[in-house]
Number of protein chains: 2
Amino acid sequence: MFDALHQLVAQFVTFTDREKAILENAFVFKQVPRKFSLVRQGQVANELYFINKGMLRLFYENEGDEITAFIFRENLFASSYDSFLRQAPSIQSLEALEEADLLVITQPKMNELYEALPKFNVLTRKIAEQRFINAQQILSSFLLDSPEERYAKFVEQNGDLLLRVPHHLIASYLGMTPVSMSRIRNRLAQQKR
Amino acid sequence: MFDALHQLVAQFVTFTDREKAILENAFVFKQVPRKFSLVRQGQVANELYFINKGMLRLFYENEGDEITAFIFRENLFASSYDSFLRQAPSIQSLEALEEADLLVITQPKMNELYEALPKFNVLTRKIAEQRFINAQQILSSFLLDSPEERYAKFVEQNGDLLLRVPHHLIASYLGMTPVSMSRIRNRLAQQKR
DNA sequence: CTCCTCCATTAACAATTGTAAAGAAATGCG
DNA sequence: CGCATTTCTTTACAATTGTTAATGGAGGAG
């Protein structure tokens, strides 16, 4: 149950067996069904999730329609991260795209870990840095690439999601409408012929 | 010379006078003229800068033209952050927009600080988290706002930059051409009348 | 102070995207 | 299993943006 978590952690810090046990004890297992809401816009996120199975979708609710901020897959930490970090009301919602197996840790438990395991600071720093690098890569794609290039890159890196996730969720993630994305798909398919 | 730095640091961690001295010793003062290049695309960034005076511009070089990634102002840590973190060749360049007074710290000195001051991990974690929150706010503006709204928000938050920085640098930062930004400015000015 | 480069705006046209609507296909749920 | 909802594509039109080019003005270098 904790294998994937330990594997991810090991990329950044080395824990002894006793430290690993402390880490495991801070988490609670939780299985949630499709469409289950983990964080609602306006609430403060006080849980962080490690995804063992399934996918979560982070999204903005804007005048009735929903705009995807990020899609979290297996072996990632997910949350409305800025709300969790600042303990301020979330501007995003978090929901299960599929039935998901999660390891849940609360904010108080995190603070206990900072006390018990000094190295935990290093771990969360590395995770924050990775999230930053990731956010910046997406941002650079908005500055440097055309919508067509942005879609093409997405397919390269996350092509499998096209089969697992409704297209209009991906379209809003790429900053375009489903109609426009469909046109782009059409254009690219014709180029291949 | 270190007042502003200590003030920023104090927001996140409390250092004793001796710890402050260790921190100060890790930095070197450097004054650079306008247009001075601190990091060039392709190089590995091994310095981090705290800006005492002046402004720095982080930008992509894309097929001849330059696209602004960020504009750093006084009292901020600046760098090609992802290159500095990963110690990989930078995909961005960093340059002085105005004559600037900088406090410079190198990657090796940072590692010394991690050893000498355990709390330094907390500090850099907080900084990484802030940068992430910041990057995400900008990203959300690309997903949620029209170019016009994005410009309006920029004026609200950084209006003074319109007087200090050439407009075409701001336009590329907002993901539009100078021509389009000029049209938006025209439209908004007429609405006010 | 003067020259020259850089900069902001405007205009006209092409290309792309958004919007609204409709139909076909696929999927979820009782 | 079958109905209802969701999803994807296509079409036509309006709106916005990008591109190219020209103008007038501002600001820096010598």
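Quick note on labels: first sequence line is chain A, next is B, and so on, each numbered from 1. Because the structure is predicted, anything quoted here is derived from the model rather than measured.
With rounding to the nearest 0.5 Å, the separation of OH in Y173(A) from CZ in R150(A) is 10.5 Å. The CZ atom of F142(B) lies 14.0 Å from the CD1 atom of I67(A); values are rounded to the nearest 0.5 Å.
When rounded to the nearest whole Å, the span between CG of L188(A) and P of dT9(D) equals 12 Å.
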Nucleotides 4-21 of chain C: protein proximity per nucleotide (B base, S sugar-phosphate only, - neither; heavy atom, under 4.0 Å): ---SSSBBB----BBBB-

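Salt bridge annotation for K53(A)-E99(A): present, with a cationic side-chain nitrogen under 4.0 angstrom from a carboxylate oxygen.
Within the 4.5 Å cutoff, no side-chain heavy atoms of Q107(B) are placed close to those of V44(B).
No hydrogens or angles considered: nothing links the side chains of S83(B) and Q92(B) as a donor-acceptor pair under 3.5 Å.
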